[in-house]
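Comments concern the structure below.
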There are 2 protein chains.
Amino acid sequence: MVTIKDVAADAGVSVGTVSKVLNNMYVKADNRRRVEESIHKLGYQVNTYARGLKAQQTFTVAIIVPDLINPFFALLVNYVEQVLAAVGYKLLVCNSHCNADRELAYINMAKQNKVDGLIAVTYSNTDEYLEADMPFVSIDRHFKHQICCVSSDNEMGGRLAAEKFISTGCRNVIYIRNGSNLEGETLKRGKAFVDTCMQGGVEATRMDFGEETTLSKQQMNKIISFLEQCVKNGSMMYDGIFTSSDVHAIVVLKQLTEMGIRVPGDVQIIGYDGMRILNVGDYPVSSIAQPVKEMAVTCVDTLIKLIEKKPVERRIILPVTFVEGGTTR
Amino acid sequence: MVTIKDVAADAGVSVGTVSKVLNNMYVKADNRRRVEESIHKLGYQVNTYARGLKAQQTFTVAIIVPDLINPFFALLVNYVEQVLAAVGYKLLVCNSHCNADRELAYINMAKQNKVDGLIAVTYSNTDEYLEADMPFVSIDRHFKHQICCVSSDNEMGGRLAAEKFISTGCRNVIYIRNGSNLEGETLKRGKAFVDTCMQGGVEATRMDFGEETTLSKQQMNKIISFLEQCVKNGSMMYDGIFTSSDVHAIVVLKQLTEMGIRVPGDVQIIGYDGMRILNVGDYPVSSIAQPVKEMAVTCVDTLIKLIEKKPVERRIILPVTFVEGGTTR
DNA sequence: CTGAAAGCGCTTACAG
DNA sequence: CTGAAAGCGCTTACAG
């Protein structure tokens with residue numbers, strides 16, 4: 001391995017001088033040129049770990065997401081990596097599987113400067129482990145302290161779904177969800193949905209399937225048996241179903257279809273996220289689409305500002321859109 | 001930040017002794033206990049970068065994939081991270097966007113021990129940069145030297161698709177692809193498909209849309225105009241279309257449907273990959289499903305063996321299955 | 001503007 | 001079995 005020492009020897013300067021050209025500090029033009037030549041000739045590249053040890057900066061950032069099976073998270077990570085790479089940062093990914101220990105392990109890495117910062121979609125209660133001055137950007141979830149939070153406009157999402165149902169003549173709708181009840185933006189989805197429906201004269205209920213944050217087989221079965229109970233004599237008691245994610249909506253769609261309920265004829269369904277296979281497939285369900293790319297850009301932007309100790313906005317909310325996926329009229 | 005020095009002082013031993021308990025070497029029981037207590041009390045955690053600098057091992061591995069938008073890659077990365085985490089490794093992700101420079105940057109990191117090893121889905125010609133002794137596992141692509149390669153059974157995949165078409169009475173089928181022509185497993189898809197068709201008495205053609213590795217808008221348009229040319233008087237000249245990925249198949253499905261061709265009535269379509277939204281959606285097209293999880297496990301397993309300088313198999317091929325997605329009879 | 005030197009937090013022969 | 005010491009490849013005051 002070629003080190004800074006080899007470069008210094010080859011260029012006939014001290015290691016300090018080499019370090020200075022590496023870090024773009026002032027060096028006499030002539031020396032700079034010689035050092036650059038030697039770097040090129042020897043194929044030298046800085047050892048990030050040695051640099052990180054001394055300078056306490058590693059130019060790597062970690063992202064915590066539940067998993068990459070959910071295309072929303074995969075897309076998010078994809079764009080975060082892309083934006084980060086453009087500014088010279090590397091990305092460590094942590095699939096937490098909603099396990100608090102795994103989240104904590106990465107938060108600790110940030111504390112010890114093993115990563116420069118953290119972007120996290122987190123559903124467990126890790127509040128107390130966060131320090132106010134740590135470069136940390138949360139997605140959807142609020143924390144105590146002054147932790148930054150980026151999210152899509154969940155309130156707008158709930159409202160858009162409600163308005164769609166109202167304008168297409170629904171009479172009795174329901175919001176189906178499961179997930180964390182910790183303070184965060186996503187809780188606003190259901191509230192805005194129900195409120196808007198009420199104001200529009202449409203009856204609206206909420207059905208909460210508990211705190212479990214992933215949609216496990218077990219959760220799915222609960223939803224399925226709930227739907228079975230909603231059907232009397234081949235007719236469904238709700239004519240509009242809004243769900244907390246597209247996956248929920250897909251599960252609902254499958255089950256209703258199996259029970260012979262027509263979608264969107266008898267019942268309309270709207271999911272949340274706006275996911276589809278790549279960018280070419282159709283939307284599998286009508287949905288509220290999150291601006292994933294903009295969210296990624298905003299997260300990285302905010303995180304870099306935090307790392308550089310520049311001022312940032314603490315709450316950033318990005319607009320959503322309704323997308324048609326064949327499950328609405 | 002609490003260091004090994006603080007722990008040593010607190011426990012009343014030398015830093016060497018602390019290091020030994022950290023690395024599970026022999027330490028007198030009594031000392032070990034005291035050190036462990038101090039570690040716990042002070043909340044000490046090793047600084048990976050300092051350790052990496054000295055020990056030339058960082059317990060991080062990088063994976064290079066074109067992007068995470070394609071659910072096959074997202075799933076692969078998801079499982080790779082999961083398996084890696086279980087054995088104490090961290091994962092750096094690099095979306096190459098099929099850019100050789102980005103791939104090279106990460107190969108260089110591996111060379112300089114900034115990562116302990118590399119898993120790569122690579123389509124550019126980076127052969128010469130690889131050294132035979134570097135822990136490197138390739139997916140689908142062959143390299144010179146003794147580089148390990150893990151892949152799904154592409155030959156079997158081509159054969160399964162052909163057999164499906166034969167058994168459902170197709171007379172004239174085609175294989176549509178684009179992508180790298182570098183030596184690799186994926187080239188076998190088309191060959192096995194065409195050969196099996198021929199043997200079964202079915203006419204089979206190949207249509208190659210060039211070396212571009214991603215399916216860009218431009219590529220899609222080429223495929224679309226090709227399909228338009230295949231239709232005379234409202235009838236399609238091929239009755240079976242096998243494509244090199246599910247995304248291709250989805251594009252084909254959409255276009256045929258738009259042109260009023262019935263799928264699978266008039267034309268059957270089979271993709272490759274076996275992707276769908278999460279694990280709950282239907283397959284959007286009939287497909288040859290790759291065993292993503294097994295591939296991830298095998299890659300990690302092989303890489304760790306390589307890192308630990310244990311013997312490995314150089315070519316590992318895992319079986320595929322046909323999955324029904326409504327575009328076959 | 002540059003060099004010599006200290007030090008970042010670890011690991012690892014080497015004595016004892 | 002343990003401690004003292006060297007050294008991994010860098011950066012950064014500090015003299016000059």
Side-chain angles (χ1 to χ4, degrees), chain A residues 1-39 42-60 88 90 108-116 307, chain B residues 1-39 42-60 88 90 108-116 307:
Chain A
M1 184 159 60
V2 17
T3 75
I4 204 176
K5 232 164 148 179
D6 304 316
V7 174
D10 187 80
V13 297
S14 74
V15 297
T17 303
V18 176
S19 177
K20 272 163 201 131
V21 349
L22 255 23
N23 292 286
N24 272 315
M25 305 174 82
Y26 216 102
V27 174
K28 201 160 53 170
D30 181 51
N31 279 341
R32 170 176 294 273
R33 193 185 44 69
R34 291 222 312 286
V35 168
E36 279 165 351
E37 275 175 21
S38 300
I39 286 176
L42 304 175
Y44 169 79
Q45 286 183 262
V46 306
N47 179 318
T48 332
Y49 291 94
R51 174 181 277 179
L53 176 58
K54 184 64 191 174
Q56 308 286 44
Q57 185 165 18
T58 59
F59 291 98
T60 110
K90 293 182 286 298
N108 275 324
M109 288 178 62
K111 272 191 191 166
Q112 302 173 246
N113 299 321
K114 288 167 197 167
V115 295
D116 297 345
I307 291 172
Chain B
M1 184 158 60
V2 18
T3 75
I4 204 176
K5 230 163 148 181
D6 304 317
V7 174
D10 188 81
V13 297
S14 74
V15 296
T17 303
V18 177
S19 176
K20 272 164 202 129
V21 348
L22 256 22
N23 293 286
N24 273 314
M25 306 175 82
Y26 216 104
V27 174
K28 201 160 53 168
D30 181 51
N31 280 341
R32 171 176 292 275
R33 192 185 44 69
R34 291 221 312 285
V35 169
E36 278 165 352
E37 275 175 21
S38 300
I39 286 176
L42 303 176
Y44 169 79
Q45 286 182 261
V46 307
N47 179 318
T48 332
Y49 291 93
R51 173 180 278 178
L53 176 59
K54 184 65 192 173
Q56 306 286 45
Q57 185 164 17
T58 59
F59 290 99
T60 109
K90 291 183 286 299
N108 275 324
M109 289 178 60
K111 274 192 192 165
Q112 303 173 246
N113 300 320
K114 289 166 195 168
V115 296
D116 297 345
I307 291 173

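All figures in this text were calculated on a predicted structure; none of them were measured in a lab.
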Whole angstrom is fine here: how far is it from [atom1] in [X] over to [atom2] in [N]?
| X | N | atom1 | atom2 | value |
| --- | --- | --- | --- | --- |
| Asp30(A) | dC1(C) | CG | C1' | 12 Å |
| Asn47(A) | dG9(D) | CG | C1' | 6 Å |
| Ile39(B) | dC10(C) | CD1 | C1' | 13 Å |

According to the salt bridge (Lys or Arg N to Asp or Glu O under 4.0 Å) rule, which pairs have a member within [range], sequence neighbours left out?
| range | answer |
| --- | --- |
| residues 8-18 of chain B | Asp10(B)-Lys41(B) |
| residues 42-55 of chain A | none |
| residues 12-27 of chain B | none |

Nearest to the side chain of [X] - [options]?
| X | options | answer |
| --- | --- | --- |
| Ile4(B) | dT2(C), dC10(D), dC10(C) | dC10(C) |
| Asn31(B) | dT2(D), dC10(D), dC10(C) | dT2(D) |
| Lys54(B) | dC8(D), dT2(C), dC10(D) | dC8(D) |

Quiz prompt | Bracket string, DNA chain C, 5' to 3' - pairs by Watson-Crick or G-U geometry under 3.5 Å, | interstrand | solution = |||.||||||||.|||
Quiz prompt | Given DNA chain D, 5'-ward residue of the pair Arg51(A) and Val27(B), judged by closest heavy atom | solution = Val27(B)
Exercise. Check step by step if side-chain contact (heavy atoms from CB on, under 4.5 Å) holds for Thr60(A) and Asp116(A).
Key: CA-CA 6 Å; Thr60(A) 110; Asp116(A) 297 345; over 6 Å; no
Practice problem: Please answer whether the main-chain N or O of Met25(A) pairs with a side-chain N or O of Asn23(A) as donor and acceptor at a distance below 3.5 Å. | Solution: no
Quiz prompt | Ile4(B): partners by side-chain contact (heavy atoms from CB on, under 4.5 Å), with sequence neighbours left out | solution = Val15(B), Val18(B), Ser19(B), Leu22(B), Tyr44(B)
Quiz prompt | Sorted by number, the residues of residues 10-23 of chain A with heavy-atom contact under 4.0 Å to DNA chain C | solution = Val13(A), Ser14(A), Thr17(A), Lys20(A)
Self-check item: Residues in side chain to side chain donor-acceptor pair (under 3.5 Å) contact with Asp30(B), at least two apart in sequence or another chain
Solution: Arg33(B), Arg34(B)
Practice problem: Apply side chain to side chain donor-acceptor pair (under 3.5 Å) to Ser14(B) and list each qualifying residue two or more places apart in sequence or on a separate chain. | Solution: Thr17(B)
Quiz item: Can a side chain N or O of Tyr49(B) be found less than 4.0 Å away from OP1 or OP2 on dT11(C)?
Solution: no
